[in-house]
Amino acid sequence: MNRKTPSDTRLSVGFEIPADSSIMINLWAVNRDPVVWERPLEFLPERFANAGHGYKGLDRKYFPFGMGKRICPGVRFAVSKVELVIASLLCWFDWELPGGTAPEDLDMGETFAIVARKESPLCLVPLPVKAVC
């Protein structure tokens, strides 16, 4: 089902949206808004620890799975399975970069389309774990 604006619409931020327009939200820009995020272009995972906002799109600040009626129906499944898979991988393997590559030599460039993805794949070598979790 294709959703379109039923009539001319003016947003509070000054944008005019003509009737019968399809809208795509630029989540890349929303999640890097300097008004909302301090140092938005830096990788700072600690910004999410005890931040008071979740990933379910309730606060219009962070919504990786969408929000409202159109939120991803598999969000609970995804979050529970990702946590289990990552915990298992970290528990049973030690990891290193191939060929003596230094972490600072990694290409962290992104390619943009509907979603962002790494421009060059991250390659890691799993090693049998040396210590038991």
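Quick note: residue numbers are just sequence positions, from 1.
With contacts defined as side-chain heavy-atom distances shorter than 4.5 Å, the pair Pro128/Phe93 does not qualify. In this structure, Val79 and Phe65 have side chains that are in contact, with non-hydrogen atoms separated by less than 4.5 Å. When side chains are defined from C-beta on, Glu16 counts as touching Arg10, because their heavy atoms get closer than 4.5 Å.
Atoms CD and OG, from Glu83 and Ser88 in turn, are 10.5 Å apart once rounded to the nearest 0.5 Å. Note that the CE atom of Met108 and the OG atom of Ser120 stand 8.5 Å from one another [nearest 0.5 Å].
When hydrophobic clusters are built by joining Ile, Leu, Val, Met, Phe, Trp and Tyr residues whose side-chain heavy atoms come closer than 4.5 Å, directly or via intermediates, Trp92 is not grouped with Leu84. Hydrophobic clustering (side-chain heavy atoms under 4.5 Å, transitive across Ile, Leu, Val, Met, Phe, Trp, Tyr) keeps Val82 apart from Phe77. A continuous path of ILVMFWY side-chain contacts below 4.5 Å connects Trp95 to Leu106, so both sit in one hydrophobic cluster. Cluster annotation: Val85 and Leu122 are assigned to the same hydrophobic cluster (Ile/Leu/Val/Met/Phe/Trp/Tyr, side-chain heavy-atom contacts under 4.5 Å, transitive).
Counting non-hydrogen atoms of other residues, nucleotides and ligands closer than 6.0 Å to CD of Glu46 gives a total above 12. Other residues, nucleotides and ligands contribute only 12 or fewer heavy atoms inside 6.0 Å of the CZ atom of Arg76.
Taking all atoms of both residues into account, the shortest heavy-atom contact from Arg32 to Leu41 is CD-CD2, 3.9 Å. Taking all atoms of both residues into account, the shortest heavy-atom contact from Ala19 to Pro6 is CB-O, 4.1 Å. In this structure, Asp107 and Glu119 approach most closely via the heavy-atom pair OD2-OE1, 4.3 Å. Between Pro40 and Pro34 the shortest heavy-atom distance is CG-CA, 3.9 Å.
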Step by step, work out the side-chain contact (heavy atoms from CB on, under 4.5 Å) result for Leu97 and Asp105.
-> CA-CA 10 Å; Leu97 293 167; Asp105 294 335; over 6 Å; no
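For Thr5 (side chain) and Pro18 (main-chain N/O), a donor-acceptor pair under 3.5 Å exists by modelled atom type.
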